[in-house]
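Beneath this line is the structure, given in structure tokens, with notes to follow.
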Amino acid sequence: MLGDSTNTDHPGSGPDPGNQHGKSAWRTFFVNARATLPRAVHAAEAEQIAVHAVAVAQSLAPDRDVAAYAPSGTEPGSALMLEALVAAGFPVILPIMRPGSALDWARFEGAAAFRQARFGILEPAGPLLGPGGVQSCGLVLVPALAVDRTGTRLGRGAGFYDRALGALAHRPPLIAVVRDEELVDHLPADPHDVRMDGVITPSGGHIRLPAGVEGTEGA
Ligand SMILES: Nc1nc2c(c(=O)[nH]1)N(C=O)[C@@H](CNc1ccc(C(=O)N[C@@H](CCC(=O)O)C(=O)O)cc1)CN2
Ligand SMILES: Nc1ncnc2c1ncn2[C@@H]1O[C@H](COP(=O)(O)OP(=O)(O)OP(=O)(O)O)[C@@H](O)[C@H]1O
């Protein structure tokens with residue numbers, strides 16, 4: 001149930017947001033939690049995420065390109081997410097890390113056309129589309145360590161997505177992909193943080209944000 005999945009409902013299971021903890025304490029908490037997740041659970045969740053990603057694309061981005069990410073390590077999702085989107089007819093583009101924590105984009109042409117980039121992340125080896133390449137997408141699936149109910153996203157701390165998305169004149173719907181426990185009541189936010197319009201979790205599917213936040217119900 002939505003209201004039961006927040007760590008702030010369970011004192012001791014996450015940094016106390018009212019207790020001087022900044023983003024790095026939250027990052028450590030979620031990275032460590034992901035590291036303890038059994039492989040079989042990750043794989044089962046990745047199957048659910050792939051199904052939800054296709055459903056969200058069909059609802060928000062029919063006949064449009066989808067910007068996604070190539071899940072690596074303990075990140076939610078797997079190559080299944082990309083394959084399912086392609087099988088459902090969605091052209092997929094993926095982020096390319098550029099100097100200065102900037103992002104470019106390139107078309108996903110299948111796992112055989114990947115090259116190994118920094119941080120163990122796989123990137124398409126094909127031509128770059130330019131930083132604005134993401135603007136023509138009908139949906140951006142955004143990697144995150146956690147998201148709160150107002151749409152604040154916690155990333156891995158380099159500011160890639162905040163820079164890339166914050167600079168766009170036109171922003172497609174932004175949907176973060178996290179585990180159920182990573183949708184929380186409150187995360188620390190900075191002025192540069194770009195808010196998410198929704199989130200996909202394995203059990204919850206697509207949840208629009210803000211969700212269940214006092215004063216924003218039905219917004
Ligand atoms: N699959 C995937 N692709 C992605 C992202 C992502 O989160 N997931 N990104 C989302 O932005 C960008 C890459 N951003 C990243 C930012 C930091 C680290 C990282 O591992 N940082 C180290 C510490 C930093 C360092 O070594 O200097 C760490 O977390 O331990 C990895 C990716 C673009 N592509
Ligand atoms: N639009 C921006 N312009 C300039 N600097 C930025 C911008 N967005 C973020 N930064 C800088 O990037 C650094 C990381 O920001 P933050 O902690 O919000 O990253 P994140 O959202 O966790 O990372 P990522 O987007 O890579 O997953 C900070 O030093 C921040 O000041």
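When a ligand or atom number is given, it counts from 1 through the structure's own listing order.
The Pro95 neighbourhood of ligand 1 comprises atoms 34 (N), with distances under 4.0 Å to a heavy atom of that residue. The Asp162 neighbourhood of ligand 2 comprises atoms 1 (N), 8 (N), 9 (C), 18 (O), 19 (O), 20 (P), 21 (O), 25 (O), with distances under 4.0 Å to a heavy atom of that residue. Heavy-atom proximity to Pro143, at under 4.0 Å, picks out these atoms of ligand 1: 5 (C), 6 (C), 7 (O), 8 (N).
Between Glu75 and Arg34 there is no salt bridge, since no side-chain N of the basic residue sits under 4.0 Å from a carboxylate O of the acidic one.
Considering backbone and side-chain atoms together, Asp190 places no N or O closer than 3.5 Å to any N or O of ligand 2. The shortest N/O to N/O separation between Leu154 and ligand 2 does not fall below 3.5 Å.
There is a side-chain donor-acceptor pair under 3.5 Å between Thr150 and Arg195.
Scanning the protein heavy atoms around atom 23 (O) of ligand 2, the nearest turns out to be Gly159 N, 3.0 Å. Atom 5 (N) of ligand 2 has Arg163 NH2, 3.3 Å as its closest protein atom, hydrogens excluded (heavy atom only).
Residue contacts with ligand 1: Val31 is excluded, as none of its non-hydrogen atoms falls under 4.0 Å.
Counting heavy atoms under 4.0 Å from ligand 1, residue Met97 touches it through the side chain alone. Contacts between Asp193 and ligand 2, counted as non-hydrogen atom pairs separated by less than 4.0 Å, involve the side chain only. No part of Arg118 comes within 4.0 Å of ligand 1, judged by heavy-atom distances.
With values rounded to the nearest 0.5 angstrom, Phe30 atom CZ is found 12.5 Å from Thr74 atom OG1.
Listed by chain and residue number, nothing satisfies the side-chain contact (heavy atoms from CB on, under 4.5 Å) test with Ser59 (two or more places apart in sequence, or in another chain).
Phe114 and Ile93 fall within a single hydrophobic cluster, where Ile, Leu, Val, Met, Phe, Trp and Tyr side chains are chained together by heavy-atom contacts under 4.5 Å. Linking Ile, Leu, Val, Met, Phe, Trp and Tyr residues whenever their side-chain heavy atoms come within less than 4.5 Å leaves Val178 and Val51 in two separate clusters.
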| Step by step, would you call Leu82 with Leu94 a side chain to side chain contact (heavy atoms under 4.5 Å, CB included)? | CA-CA 10 Å; Leu82 307 181; Leu94 295 174; 3.9 Å; yes

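Note that atom 29 (O) of ligand 2 has no protein non-hydrogen atoms nearby, at separations under 4.0 angstrom.
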